[in-house]
Amino acid sequence: MIEASRRHGTLHRYVWLLTGGGLAVLGWHGPWHVAVAAWLFPVLLMRFARQSRVLPGFATLWLVQAVGGLAWLYQTDLLARLPAAVSVLVVTAIAALLALPFLLDRLLAPRLKVVGSLVFPLGWVSVEFLLAQITPFGAFVVLGTTQYDNLPLIQIASVAGAYGVSFLVTWCAPIVNQVRERTPGWPRQVLTYAAVLVTVLAAGGARLTFFPSSAPLVRVAAISPSRAAAEKRAAATAGLRARYGSFQQVLTRAPQAERQAIAGVTDELLARSEQEAAAGAKIIAWSETGAWTMQRDLDALLARVRALTAKHHVYLVAGLSVYADQAPYLRNKTIMVTPGGRVAWDYDKTHPTPMEALTPGSGRVPVIATTYGDLAGAICYDADFPALMRQAAGRAGLMIVPSRDWQGMGEAHAQRAVFRAVENGYTLLRPADEGLSEAVDPHGRVLATADSFATDQVSMVAYLRAQAVRTVYGTVGDLFSWLCLTGLAVVIVVSAIRPARRWTAVVDENDPARRPKGRRGIRVG
């Protein structure tokens, strides 16, 4: 009978594990993600961890997180873009860190009756935050971004950043498990969590309802190259690279052929910008690396842009790839030209992706005053680094982020950018090639969107307000995340110095051989 109960308990544990692991694949922010899965998978994996021995449970969850990470790389097409060894190494390391909060909950939560439910969310946010600080991936591993379309919930990002959403999502797991285990004091813990969640949702709803912007509307246009022109340019430049060996050799031996290969897209972008300006657009932005030019031809290109901005009295942000004869040979930049023909900013991408062989820019986000409000600029992957994007908080009313993605990443990457608008209180304009162009207001509402994979060319038009909204996050930055790190350190120390006789641990109540005498679900050592 006891042996049968043991088998039954083991079966239950692995049901939690397999179900939680499956939901984890859907819980991470990618093409397959389902928002509710982000709430559910930590509940089930925690159930498994609490019913398992410490080290085997941790090793198993490490493996589950690694499988989930590889599934995420597959669905985002990164698995095909990165070397296999690099993929496995990175996923293994991150998976170990993501399994760590479950280990901390397993070891520490039973010792901390009053704040035991906080161990897991503190650990989870600490891991997310540390990954953003010490890796080149920025805030890419943030569970809270899966909730991008839950507008009342994500308003907490204006105070605590996207990590605040992660905290609320992951706090749910220990609360549900406490109810299941009938942990002493669980009703108080449930009521506390419910009160916090309801307060956040109510305050978020109030922010959406009662704090509208009063700034005037301005017509903006986001433009990316047409598919036909981009494909023609890619084929022509690939042919030149194949013939001469590298683009440096092309620049030296066949510069005129290179000019002809890239001219079509540049001419098209200028012509379409002229059309949008004539139709009433006052701010025009091209996608990341929309036009390609050699350094020696940059002044000639800017002269054409100046003529356009002066003729129509518009501001134009040109997304450019600039090829030079000497190192650094390639620069990924945006240049803002004013109606008076002045270059208001010349900005190089601060955070190239790990797949880009680029020299990073200065790390200073440009902000300029215009007739329509203060404008700022960054480029694509820069938006995954909250500290960089916070430079314009309280200053810029409109943040322009030219981007370039790919089909497996485009939609999810655009959805992550929503959080930078909420955190910093500015409207975000994101013209994207091979991805999702969007315009987002300071409350996270998507005002306009256009998918470059659903049309032959994107010219997204929107009426936006370029008015800066002050936010707590814009003032204090990642204070909440630092408090989570500090809180985690405190609970680890407190747990370590508590007398051994007060140690408690959750056990498998379905296993009669391990069921303690006395209080249900608790074993006192």
Side-chain angles (χ1 to χ4, degrees), residues 139 142 144-145 147-165 168 199-220 222 282-283 285 315 317 336 345 364-378 382-401 414-431 437-449 462-481:
V142 178
T145 62
Q147 311 301 305
Y148 68 93
D149 59 352
N150 187 336
L151 292 179
L153 177 64
I154 69 172
Q155 300 312 304
I156 191 63
S158 67
V159 176
Y163 303 109
V165 183
L168 291 171
T199 300
V200 167
L201 293 173
R207 186 172 189 261
L208 291 165
T209 304
F210 299 115
F211 297 93
S213 174
S214 58
L217 293 168
V218 58
R219 179 168 171 148
V220 304
K282 298 302 179 184
I283 301 170
Y315 294 86
V317 178
M336 157 71 86
W345 77 56
R364 293 188 294 273
V365 171
V367 180
I368 65 164
T370 75
T371 306
Y372 310 105
D374 291 351
L375 311 184
D382 288 342
D384 295 296
F385 293 82
L388 178 75
M389 301 297 285
R390 195 171 62 248
Q391 290 182 23
R395 300 165 60 201
L398 177 62
M399 169 64 76
I400 302 171
V401 187
Q415 291 160 356
R416 284 178 169 84
V418 168
F419 285 84
R420 305 295 90 81
V422 179
E423 289 167 350
N424 300 299
Y426 43 58
T427 298
L428 185 140
L429 177 65
R430 188 179 186 272
S437 297
E438 64 181 356
V440 183
D441 79 359
H443 295 123
R445 298 183 185 95
V446 178
L447 306 176
T449 185
Y463 286 87
L464 307 178
R465 303 182 193 275
Q467 180 181 18
V469 176
R470 292 282 180 178
T471 65
V472 174
Y473 181 84
T475 301
V476 304
D478 290 310
L479 176 62
F480 174 79
S481 301

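All heavy atoms count here, side chains included; hydrogens, waters and symmetry mates do not.
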Does a side-chain heavy-atom distance below 4.5 Å link [X] with [Y]?
| X | Y | result |
| --- | --- | --- |
| Lys282 | Thr371 | no |
| Ser158 | Val472 | no |
| Asp382 | Asp384 | no |
| Val142 | Thr145 | yes |
| Thr471 | Val159 | no |
| Arg445 | Leu151 | yes |
| Val440 | Leu447 | no |

Just verifying a value: how many Å separate [X] [atom1] and [Y] [atom2], rounded to the nearest 0.5 Å?
| X | Y | atom1 | atom2 | result |
| --- | --- | --- | --- | --- |
| Tyr473 | Phe419 | OH | CZ | 12.0 Å |
| Arg219 | Leu464 | CZ | CG | 11.5 Å |
| Leu398 | Ile368 | CG | CD1 | 10.0 Å |

(request) Tell me, please, which residues at least two apart from Tyr315 pass ring pair (Phe, Tyr, Trp, His ring centres under 6.0 Å). (result) none

(message) Suppose we screen for ring pair (Phe, Tyr, Trp, His ring centres under 6.0 Å). Which residues come up paired with Tyr372, at least two apart in sequence or across chains?
(response) none

(request) Would you check if the side chain of Asn424 reaches a backbone N or O of Tyr426 as a donor-acceptor pair within less than 3.5 Å? (result) no

(request) Answer yes or no: is there a donor N or O on one side and an acceptor on the other, between the side chain of Thr449 and the main chain of Ser437, under 3.5 Å? (result) yes

Output all residues satisfying salt bridge (charged side-chain N to carboxylate O under 4.0 Å, His left out) with [X], sequence neighbours left out; order by chain, then residue number.
| X | answer |
| --- | --- |
| Glu423 | Arg420 |
| Arg470 | none |
| Arg390 | Asp478 |

(message) Let's go through Ile400 and Ile283 carefully: what are the C-alpha distance in whole Å and the side-chain angles of both, what is the deciding distance for side chain to side chain contact (heavy atoms under 4.5 Å, CB included) to 0.1 Å, and is it a yes or a no?
(response) CA-CA 10 Å; Ile400 302 171; Ile283 301 170; 4.0 Å; yes

Could you pull out all residues at least two apart from [X] that satisfy side chain to side chain donor-acceptor pair (under 3.5 Å)?
| X | value |
| --- | --- |
| Gln467 | Ser213 |
| Gln155 | Arg207 |
| Arg430 | Ser403, Asp405, His413 |
| Arg416 | none |

Heavy-atom pair of closest approach, residues [X] and [Y]:
| X | Y | answer |
| --- | --- | --- |
| Ala206 | Phe211 | O-CD1, 3.7 Å |
| Gly205 | Pro152 | N-CB, 4.1 Å |
| Ala466 | Leu375 | CB-CD2, 4.5 Å |

(request) Before giving the answer on side chain to side chain contact (heavy atoms under 4.5 Å, CB included), spell out for Val401 and Leu429 the whole-Å C-alpha distance, their side-chain angles and the decisive distance to 0.1 Å. (result) CA-CA 6 Å; Val401 187; Leu429 177 65; over 6 Å; no

(request) Could you name each residue pair satisfying salt bridge (Lys or Arg N to Asp or Glu O under 4.0 Å) that touches residues 391-400, not counting sequence neighbours? (result) none

(request) Please name all residues satisfying side chain to side chain contact (heavy atoms under 4.5 Å, CB included) with Ala396, sequence neighbours left out, ordered by chain then number. (result) Val367, Ala376, Ala392

(request) With sequence neighbours left out, write down each residue that passes side chain to side chain contact (heavy atoms under 4.5 Å, CB included) with Leu217, or none if nothing qualifies. (result) Tyr463, Arg465

(request) Please assess Val220 against Val218 for the test side chain to side chain contact (heavy atoms under 4.5 Å, CB included), listing each intermediate value before the final yes or no. (result) CA-CA 6 Å; Val220 304; Val218 58; 4.3 Å; yes

